[in-house]
Chemist: 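One structure, pasted below without further comment.
Below, read A as the first sequence line, B as the second, and so on, with proteins coming before strands; counting in each chain starts at 1. When reading the values below, keep in mind they use all heavy atoms of this one structure, side chains included, and skip hydrogens, waters and symmetry mates.
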Amino acid sequence: MTGDFKPKSEFLRVLIERGFIHQCSDFAGVDEKALAGGLTAYIGFDCTASSLHVGSMLPIMMLRWLQKTGGKPIALMGGGTTRVGDPSGKDEARKLLTVEQIETNKDGIRQVFDKFLTFGDGASDAIMIDNAEWLTKLNYIDFLRDVGRHFSVNRMMSMDSVKMRLERDQELSFIEFNYMCLQAYDFVEINKRFGCTLQMGGSDQWGNIVTGIDLGRRMGAPQLYALTAPLLTTSSGAKMGKTASGAVWLNADMLSPYGYWQFWRNCEDGDVSRFLKLFTELPLDEINRLGGLDGAELNEAKKVLANEATALLHGRAAAEAAAETARKTFEEGVLADDLPSVALPAAEAIGMGVLSAFVRAGLVASTGEARRQIKGGGLRLNDEPVMDEKSALTAANFKDGVAKLSLGKKKHVLLRAE
RNA sequence: GGGGGAAUGUCCCGAGCGGCAAAGGGGGCGGACUGUAAAUCCGCUGGCUAAGCCUUCGUAGGUUCGAGUCCUACUUCCCCCA
């Protein structure tokens, strides 16, 4: 997509080299801005959950690179748009989030940004803003007069996202239709307030961003630019960010650093060097060396990936601890102390049926599932396969008050009797 | 306004002459093989105090020994005519 464009700015050079770019409305234009210094760019984030997940890492890294190369990143929280509720889920009309929930979510998300960006009042300090600030103050009539008249329904109908829905006879509510207008307006408003001229986002945002550029032109804003990142899939085509145990959250209270480390460690072979470029800051020649490893040696590259990615999010110490836990658990088969653990009173723990023990550990959802897993040989107690579903935990199972319960080869939980 | 369809296992898609815990797929989980990878093969994929019991097919009633299946009303969605 970048063609043979030769960027002069460090910002674009890094993004292109590392594979962050899917499409850009005007490479030369963005390059010039970045070179002149003081390039300000923003990316919009949903605040429907109290944490972002790995899917958001790509845009976050783009903002980080922007800051590192001298630009000013803006993280836009969709507090205003979230308030309308996204009706794209087709069955039950999704519950609207309350203002307080949105605020709580913003706080959770803010914690992640603090780790990747430097916030403050300086020229290249990052800022976080919420579109509720201007969207909620909009007056419908004024909005129609000043902004709405610039939108052509004909054009909106021809946009891929809309066309697809119509072709498939899928619901497309008026609200959703209006999202485009609000998002486009955001761009213009942010330009007015912060002199921001570039919006970045996932490739699915292309249409919205370009609509914003168009609106800016009609409303007399300076030239605006769009830059999108590729949609991330694993090399076998699956969507990224979902794994075994659900979404890969960025906040530590929703997914431990160890779990996060494991996510990267378990990536597919074909993804390693791509991920190293996108999610770590290792120099490219180092990445090329790692990516060139063959077969089993590639596991070393995966460890580097896991270490670096985890260090960026949770800090170097947490990353090393996770690596150490993994090493003990997988390479030595020794019991590592900081595997995820569940504590319960000794009186209750000893004599507890294996089935409920695994349920308590959170490894299986029900005793029924535990039974099935036992039949399939998937449950282990202190590394010994559980054969009898009627057996119970004994004092002997707790070495130093700790019993290790495992589901499959990768998921381990320590049961602590206290 | 009139006429005709549709809603199924709490991840999704989808079959289902009145005997149904309900076909098949995708996804997910587990096992084997490996390298904590991919591919491949195999098993599982409502709950429980488990040879039994309980809860599930849009909602509420009804017919029946027995209803996902038939009847009535309602809700939501789609299509055709006006």
Side-chain angles (χ1 to χ4, degrees), chain A residues 87-95 165-174 176 233-248 258-276 290-291 293-307 309-310 322-334 336 339-340 351-381 383-392 405-413:
Chain A
S88 37
K90 47 188 165 168
D91 1 286
E92 68 217 84
R94 185 186 295 186
K95 289 165 236 148
R165 302 289 281 275
L166 292 178
E167 274 165 16
R168 293 188 194 157
D169 280 335
Q170 276 175 340
E171 161 85 3
L172 180 66
S173 82
F174 183 65
E176 203 168 347
T233 54
T234 66
S235 51
S236 45
K239 263 190 209 139
M240 210 176 124
K242 296 276 164 68
T243 52
S245 26
V248 180
Y258 173 74
Y260 189 72
W261 193 94
Q262 282 295 320
F263 168 75
W264 294 105
R265 172 65 246 261
N266 283 314
C267 79
E268 294 174 24
D269 283 10
D271 293 327
V272 178
S273 61
R274 198 159 51 105
F275 285 0
L276 280 167
L290 289 167
L293 295 176
D294 268 335
E297 289 184 354
L298 207 51
N299 280 332
E300 292 310 311
K302 289 185 187 178
K303 286 179 202 164
V304 174
L305 170 64
N307 284 339
T310 307
E324 180 58 14
T325 301
R327 196 185 59 77
K328 278 190 188 158
T329 308
F330 289 99
E331 292 175 25
E332 292 179 11
V334 176
L339 281 171
M352 179 184 248
V354 267
L355 297 177
S356 24
F358 277 90
V359 174
R360 283 295 291 269
L363 287 167
V364 293
S366 65
T367 59
E369 188 184 340
R371 281 171 217 271
R372 279 181 237 120
Q373 290 294 3
I374 288 175
K375 267 184 216 138
L379 297 188
R380 274 167 300 129
L381 169 61
D383 299 316
E384 291 296 322
V386 176
M387 309 299 287
D388 180 8
E389 62 181 48
K390 291 208 166 62
S391 63
L405 307 187
S406 314
L407 167 66
K409 296 206 171 73
K410 295 183 193 170
K411 277 168 272 178
H412 311 279
V413 168

Chemist: Between B:rG4 and B:rC11, how far is it from one P atom to the other, in whole Å?
Modeler: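 Each nucleotide's P atom is 36 Å from the other's.
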
Chemist: Without decimals, in angstroms, what is the distance between A:I374 CD1 and B:rG31 C1'?
Modeler: 14 Å

Chemist: Please check: side-chain N/O of A:S356 versus main-chain N/O of A:V359, any donor-acceptor pairing under 3.5 Å?
Modeler: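 No, because the side chain of A:S356 does not come within donor-acceptor range (under 3.5 Å) of the backbone of A:V359.
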
Chemist: Here's a test of your reading of the structure: between A:R371 and A:A296, which maps to the more 5' nucleotide of RNA chain B?
Modeler: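 It is A:A296 whose nearest nucleotide is closer to the 5' end.
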
Chemist: For atom P, what is the distance between B:rC17 and B:rG68, given to the nearest Å?
Modeler: 13 Å

Chemist: Expressed as a whole number of Å, how far does the C1' atom of B:rG30 sit from that of B:rC74?
Modeler: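 So the two C1' atoms sit 45 Å from each other.
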
Chemist: A:A326 has a side chain; which of B:rU36, B:rG35, B:rU34 sits nearest to it?
Modeler: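 Of B:rU36, B:rG35, B:rU34, B:rU36 is nearest to the side chain of A:A326.
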
Chemist: Inspect the contact between A:E268 and A:K302 and indicate whether a charged nitrogen and a carboxylate oxygen are less than 4.0 angstrom apart.
Modeler: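 Looking at A:K302 and A:E268, the cut-off is not met.
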
Chemist: Please give the distance between the C1' atoms of B:rC70 and B:rG18 as a whole number of Å.
Modeler: 8 Å

Chemist: Can you list everything that forms a salt bridge (charged side-chain N to carboxylate O under 4.0 Å, His left out) with A:R371? Sequence neighbours excluded, please.
Modeler: A:E389

Chemist: Return the set of residues passing salt bridge (charged side-chain N to carboxylate O under 4.0 Å, His left out) with A:D294 (not counting sequence neighbours), or none when no residue passes.
Modeler: none

Chemist: Going by number, which of residues 354-362 of chain A have a non-hydrogen atom under 4.0 Å from RNA chain B?
Modeler: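 Hits under 4.0 Å, by residue number: none.
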
Chemist: Which residues pass the salt bridge (charged side-chain N to carboxylate O under 4.0 Å, His left out) test with A:R372, sequence neighbours left out?
Modeler: none

Chemist: With sequence neighbours left out, what residues match A:D383 under side chain to side chain donor-acceptor pair (under 3.5 Å)?
Modeler: A:K404

Chemist: Mapping A:G408 and A:R265 to their closest nucleotides on RNA chain B, which lands nearer the 5' end?
Modeler: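 Whichever sits nearer the 5' end wins; that is A:G408.
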
Chemist: Searching all strands shown, indicate the nucleotide that pairs with B:rG1 (Watson-Crick or G-U wobble; both distances under 3.5 Å).
Modeler: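 B:rC81 - that is the nucleotide pairing with B:rG1, both distances being under 3.5 Å.
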
Chemist: With rounding to whole Å, what would you report as the distance between B:rA67 and B:rU63 at their P atoms?
Modeler: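 My reading of the P atoms in B:rA67 and B:rU63 gives 11 Å.
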
Chemist: Would you tabulate the pairs of protein nitrogen or oxygen atoms and nucleotide nitrogen or oxygen atoms of nucleotides 43-47 of chain B closer than 3.5 angstrom?
Modeler:
unit_1: B:rG47; atom_1: OP1; unit_2: A:S366; atom_2: OG; d: 2.9
unit_1: B:rG47; atom_1: OP2; unit_2: A:R372; atom_2: NH2; d: 2.4

Chemist: Look at the side chain of A:Q262 and the base of B:rU36, then say whether one donor and one acceptor between them are separated by less than 3.5 Å.
Modeler: yes

Chemist: What is the separation between atom CG on A:L298 and atom P on B:rU34, rounded to the nearest whole Å?
Modeler: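 Roughly 19 Å, once rounded to whole Å.
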
Chemist: What distance, rounded to whole Å, do you find between the two P atoms, one in B:rG58 and one in B:rC53?
Modeler: 26 Å

Chemist: Mind calculating the distance between CG (A:N266) and C1' (B:rC29) to the nearest angstrom?
Modeler: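 So the CG-C1' distance, A:N266 to B:rC29, works out to 14 Å.
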
Chemist: Below the 4.0 Å mark, does B:rA32 have OP1 or OP2 next to a side-chain nitrogen or oxygen of A:K409?
Modeler: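 Yes, because at least one side-chain N or O of A:K409 sits under 4.0 Å from OP1 or OP2 of B:rA32.
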
Chemist: Nearest of B:rU36, B:rA32, B:rA50 to any side-chain atom of A:F330?
Modeler: B:rU36

Chemist: Can you tell me, in whole Å, how much space there is between the P of B:rU45 and that of B:rA21?
Modeler: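 Result for the P pair: 16 Å, nearest Å.
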
Chemist: Could you measure the distance from the CZ atom of A:R380 to the CG atom of A:L363? Nearest 0.5 Å is fine.
Modeler: 10.5 Å

Chemist: If pairing requires Watson-Crick or G-U wobble contacts with both distances under 3.5 Å, which nucleotide is the partner of B:rU76?
Modeler: B:rA6

Chemist: Please determine, for B:rG66, whether a Watson-Crick or G-U wobble partner exists with both distances under 3.5 Å, and give it or none.
Modeler: none

Chemist: Just how far, in rounded Å, is C1' of B:rG35 from CD of A:E268?
Modeler: 14 Å

Chemist: Taking pairing as Watson-Crick or G-U wobble with both contacts under 3.5 Å, can you name the mate of B:rU40, or confirm there isn't one?
Modeler: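 Matched B:rU40 with B:rA32 under the 3.5 Å cut-off.
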
Chemist: State yes or no: are the ring centers of A:F330 and A:H412 separated by less than 6.0 Å?
Modeler: yes

Chemist: I need the NZ-P distance between A:K303 and B:rG35, as an integer number of Å.
Modeler: 13 Å

Chemist: How is A:K375 classified with respect to the nucleic acid when contacts are heavy atoms under 4.0 Å: base, sugar-phosphate, or nothing?
Modeler: nothing

Chemist: Should B:rC20 be called syn or anti, with syn set as within 90° of 0?
Modeler: syn

Chemist: What pairs with A:T325 under side chain to side chain donor-acceptor pair (under 3.5 Å), at least two apart in sequence or on another chain?
Modeler: A:D338

Chemist: For B:rA51, which nucleotide is its Watson-Crick or G-U wobble mate, given both distances must be under 3.5 Å?
Modeler: none

Chemist: Check whether any side-chain N or O of A:N266 sits under 3.5 Å from a backbone N or O of A:Q262 as a donor-acceptor pair, and report yes or no.
Modeler: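 Present.
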
Chemist: Measure the distance from NZ on A:K390 to P on B:rC48 and round it to the nearest whole Å.
Modeler: 15 Å

Chemist: If the C1' atom of B:rC42 is compared with that of B:rC33, how far apart are they to the nearest Å?
Modeler: 12 Å

Chemist: With sequence neighbours excluded, what pairs up with A:E324 under the salt bridge (charged side-chain N to carboxylate O under 4.0 Å, His left out) test?
Modeler: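 With neighbours one apart ignored, the set is A:R327.
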
Chemist: What is the distance, to the nearest angstrom, from the CG atom on A:D388 to the P atom on B:rA50?
Modeler: 13 Å

Chemist: Please tell me if A:K411 has a side-chain N or O lying less than 4.0 Å from either OP1 or OP2 of B:rG30.
Modeler: yes

Chemist: Using a 4.0 Å heavy-atom cut-off, does A:L379 contact any base of the nucleic acid, only the sugar-phosphate backbone, or nothing at all?
Modeler: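 Answer is nothing: A:L379 stays at 4.0 Å or more from every strand.
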
Chemist: Determine the contact category for A:E297: base if any of its heavy atoms lies under 4.0 Å from a base atom, sugar-phosphate if only primed atoms, P, OP1 or OP2 are that close, otherwise nothing.
Modeler: nothing

Chemist: Which residues pass the side chain to side chain donor-acceptor pair (under 3.5 Å) test with A:T310, not counting sequence neighbours?
Modeler: none

Chemist: Taking atom C1' of B:rG31 as reference, at what distance in whole Å does atom CZ of A:R380 sit?
Modeler: 11 Å

